[in-house]
2 protein chains.
Amino acid sequence: MASFTVENYLKAIYGLSQKQPGGVSTNAIAEAIGTKAATVSDMLKKLSANKLIHYKKYQGTTLTTKGAALALNIIRKHRLWEVFLVEKLDFRWDEVHDLAEELEHIDSDELINRLEAFLDNPKFDPHGDPIPDKSGVIHRREQVALTDIQVNKAGVVTGVKDSSKEFLQYLDTQGIELGNKLVIKEVFEYDKSRTIELDGKAMTLSHQVCKNLYVKTEA
Amino acid sequence: MASFTVENYLKAIYGLSQKQPGGVSTNAIAEAIGTKAATVSDMLKKLSANKLIHYKKYQGTTLTTKGAALALNIIRKHRLWEVFLVEKLDFRWDEVHDLAEELEHIDSDELINRLEAFLDNPKFDPHGDPIPDKSGVIHRREQVALTDIQVNKAGVVTGVKDSSKEFLQYLDTQGIELGNKLVIKEVFEYDKSRTIELDGKAMTLSHQVCKNLYVKTEA
DNA sequence: AAATAAATTTAGATGAGTCTAAAAAAGTTA
DNA sequence: TAACTTTTTTAGACTCATCTAAATTTATTT
Ligand SMILES: [Mn+2]
Ligand SMILES: [Mn+2]
Ligand SMILES: [Mn+2]
Ligand SMILES: [Mn+2]
């Protein structure tokens with residue numbers, strides 16, 4: 001029903017509102033979508049007219065219930081297609097995002113529900129992000145960044161905060177993947193780097209890397 | 001690279017040129033795409049400027065090598081997605097066309113080649129239409145319409161000429177599907193209907209139906 | 001509280017794809 | 001051949017999504 005363009009705006013606003021719950025700025029949307037602020041202003045008027053966002057000039061915007069439902073369905077489709085690409089077509093986790101950006105716009109609930117069943121109802125995508133269910137409900141996992149756990153605390157790698165190709169490929173070079181067990185061995189205050197033991201193997205990770213790696217710690 | 005719209009024009013021209021090898025008329029394209037002749041005229045100028053078609057005003061159009069290659073790749077994607085939908089997601093053969101119309105525009109050779117391998121390199125789609133290979137080569141099957149074989153001749157159902165929902169669903173009600181073995185028992189000259197034996201079961205088929213059912217006869 | 005800077009919106013323009021109505025070309029019939 | 005019909009193209013207008021440049025509002029500094 002909604003055009004590709006509208007769907008992309010809604011998805012962008014949804015994503016940004018996770019960080020800026022008070023209202024997403026025009027500039028932030030422009031940057032996320034790769035367009036100009038003037039273009040965004042125009043579009044916000046249209047989205048508002050269609051009751052997809054709450055919008056008052058100069059005040060930033062938030063999704064309406066209707067807008068959020070649409071955004072979540074697109075995210076659901078994006079993540080399920082990513083699972084398909086990795087699990088069934090053997091793509092690597094750093095290769096699937098752009099394809100999913102296209103596939104997410106295929107308009108069929110029946111298709112996505114069958115795909116979900118075909119994939120055995122996965123709850124997380126290849127980057128550890130939760131997959132909204134048919135009603136748009138997301139079950140978030142309790143997980144924390146590696147920077148937030150103490151020395152000698154153990155955990156399992158459950159996701160990435162930065163899912164850029166570059167970061168994912170870096171993790172590949174280090175042999176780090178979802179499901180790995182790790183323990184923090186030492187924190188160097190100097191540069192906040194950490195040495196860890198990952199499935200028995202010792203390695204050093206920069207602060208930058210630790211910030212972007214999520215783990216679930218054992219109760 | 002080419003827009004959805006351009007891809008749909010190329011596909012339509014390709015399809016129509018199978019019936020009208022001398023050159024496809026503006027009106028025929030308009031009807032196939034569901035648009036107006038004026039719109040098609042405009043588009044033909046653009047396609048011609050992009051060297052995708054041969055075009056002289058008032059003379060009808062044919063695809064260039066470049067245009068045909070693009071069209072065949074879209075057809076390849078369409079048919080492979082249809083196989084996926086039927087074989088992996090358990091859609092019926094009368095349900096997949098519209099979804100494939102969307103999926104065919106996903107722009108990735110890597111994706112479609114992996115999908116092809118995942119499906120075990122099928123040679124035909126769920127309606128019996130041949131799937132072009134990576135280079136755009138189509139291996140056509142020798143098959144004839146049921147109207148073109150003699151009494152007591154046996155054959156195997158290999159495809160449909162009309163792949164409308166209505167016809168496919170009619171075939172479902174009669175239990176006719178690809179792979180069925182049949183023999184023509186009798187032809188009634190009055191209305192050109194035929195009685196056949198299909199996997200042992202006797203039935204009568206109208207001329208209309210026989211025209212649109214393809215079979216491969218045993219040498 | 002002014003002045004300045006930054007963010008946002010408006011104004012006006014563009015290109016893709018579409019439409020209706022009118023003109024032109026091609027085809028058919030008398 | 002001339003008249004009529006059908007097909008195709010052109011002309012002009014519209015929507016959607018975008019842009020640049022200018023105006024306006026809000027935020028920050030002096
Ligand atoms: Mn992604
Ligand atoms: Mn998108
Ligand atoms: Mn089809
Ligand atoms: Mn299409």
Side-chain angles (χ1 to χ4, degrees), chain A residues 1-17 19-63 67 70-71 74 101-102 104-105 107, chain B residues 1-13 16-17 19-63 67 70-71 74 101-102 104-105 107:
Chain A
M1 201 101 297
S3 68
F4 275 38
T5 307
V6 165
E7 293 190 345
N8 283 340
Y9 273 88
L10 294 176
K11 189 160 60 97
I13 295 167
Y14 181 91
L16 292 165
S17 66
K19 304 270 158 176
Q20 243 119 299
V24 176
S25 77
T26 301
N27 264 351
I29 299 168
E31 194 187 359
I33 289 189
T35 184
K36 294 299 163 78
T39 308
V40 174
S41 261
D42 252 17
M43 181 59 74
L44 292 182
K45 274 186 272 182
K46 291 180 208 165
L47 295 177
S48 181
N50 283 48
K51 309 250 186 253
L52 295 167
I53 61 172
H54 301 292
Y55 176 56
K56 276 202 190 112
K57 277 200 238 178
Y58 297 101
Q59 295 312 125
T61 186
T62 54
L63 293 174
L70 276 176
I74 299 158
E101 284 291 314
E102 291 191 56
E104 72 190 3
H105 300 290
D107 178 28
Chain B
M1 201 102 297
S3 68
F4 275 38
T5 307
V6 165
E7 292 190 344
N8 283 339
Y9 273 88
L10 294 176
K11 190 160 60 96
I13 295 168
L16 292 165
S17 66
K19 304 270 159 177
Q20 243 119 301
V24 177
S25 77
T26 301
N27 264 351
I29 298 168
E31 194 188 358
I33 289 189
T35 183
K36 294 301 163 75
T39 308
V40 174
S41 262
D42 253 16
M43 180 58 75
L44 292 183
K45 274 186 272 184
K46 291 181 207 163
L47 296 178
S48 180
N50 285 64
K51 309 252 186 249
L52 295 167
I53 60 171
H54 300 292
Y55 175 56
K56 277 203 189 110
K57 276 200 234 178
Y58 296 102
Q59 295 312 125
T61 187
T62 55
L63 293 173
L70 277 176
I74 298 158
E101 285 291 314
E102 292 192 56
E104 72 190 3
H105 300 289
D107 179 28

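Naming: A, B, ... by sequence-line order, numbering from 1 per chain. These numbers come from a predicted model, not from an experiment.
Taking NZ of B:Lys45 as the reference point, atom OG1 of B:Thr61 lies at 13.5 Å (rounded to 0.5 Å). One finds the CG atom of B:Leu47 at 4.5 Å from the CD1 atom of B:Ile53 (value rounded to the nearest 0.5 Å).
Along DNA chain D, the nucleotide nearest B:Ala28 and the nucleotide nearest A:Tyr58 are compared for position; the residue whose nucleotide lies closer to the 5' end is B:Ala28. Both B:Lys46 and B:Ala38 lie close to DNA chain C; mapped to their nearest nucleotides by heavy-atom distance, the more 5′-ward contact belongs to B:Lys46.
Look at CD1 on B:Ile33: it is 8 Å from P on C:dT18, rounded to the nearest Å. Protein atom CG of B:Asp42 is 13 Å distant from nucleotide atom P of D:dG12, rounded to whole Å. If you take CE of B:Met43 and P of D:dT10, they are 15 Å apart, rounded to a whole angstrom. One atom, CG of A:Leu44, and another, P of C:dT10, lie 11 Å apart when rounded to the nearest Å. Distance B:Leu10 CG to C:dG17 P: 11 Å, rounded to the nearest Å. Following rounding to the nearest Å, B:Gln59 (CD) and C:dA26 (C1') show an atom-to-atom distance of 9 Å. One can place NZ of B:Lys56 at 17 Å from P of D:dT8, the figure rounded to the nearest angstrom. Rounded to an integer number of Å, the gap from B:Gln20 CD to D:dT7 C1' is 14 Å.
Under 4.0 angstrom from either OP1 or OP2 of D:dA17 there lies no side-chain N or O belonging to A:Thr35. Using a 4.0 Å cut-off, some side-chain N or O of A:Lys36 falls inside it from OP1 or OP2 of D:dT20. Contact annotation: A:Asn27 side-chain N/O to C:dA6 OP1/OP2 distance is not under 4.0 Å. Proximity of B:Ser3 to the phosphate of C:dG17: a side-chain N or O atom is located under 4.0 Å from OP1 or OP2. The side chain of A:Lys57 places an N or O atom within less than 4.0 Å of a non-bridging phosphate oxygen (OP1 or OP2) of C:dT10. Residue A:Thr39 has no polar side-chain atom (N or O) positioned under 4.0 Å from OP1 or OP2 of D:dA17. Phosphate contact (OP1/OP2 of D:dT10, side-chain N/O of B:Lys45, threshold under 4.0 Å): present. Side-chain N/O atoms of A:Tyr55 include one lying less than 4.0 angstrom from OP1 or OP2 on C:dT9. When the side-chain nitrogen and oxygen atoms of A:Tyr9 are compared with OP1 and OP2 of D:dT18, one or more of them lie within a distance under 4.0 Å.
Note on A:Ser41: a base of the nucleic acid sits closer than 4.0 angstrom, heavy atoms only.
Looking at every heavy atom in both residues, A:Leu63 comes nearest to A:Ala71 through CD1-CB, 4.1 Å.
Relative orientation of the B:Phe4 and B:His105 rings is parallel, given thresholds of 30° and 60° on the angle between their planes.
Side-chain atoms of B:Glu102 come within 3.5 Å of backbone atoms of A:Asp107 as a donor-acceptor pair (strictly under, hydrogens ignored).
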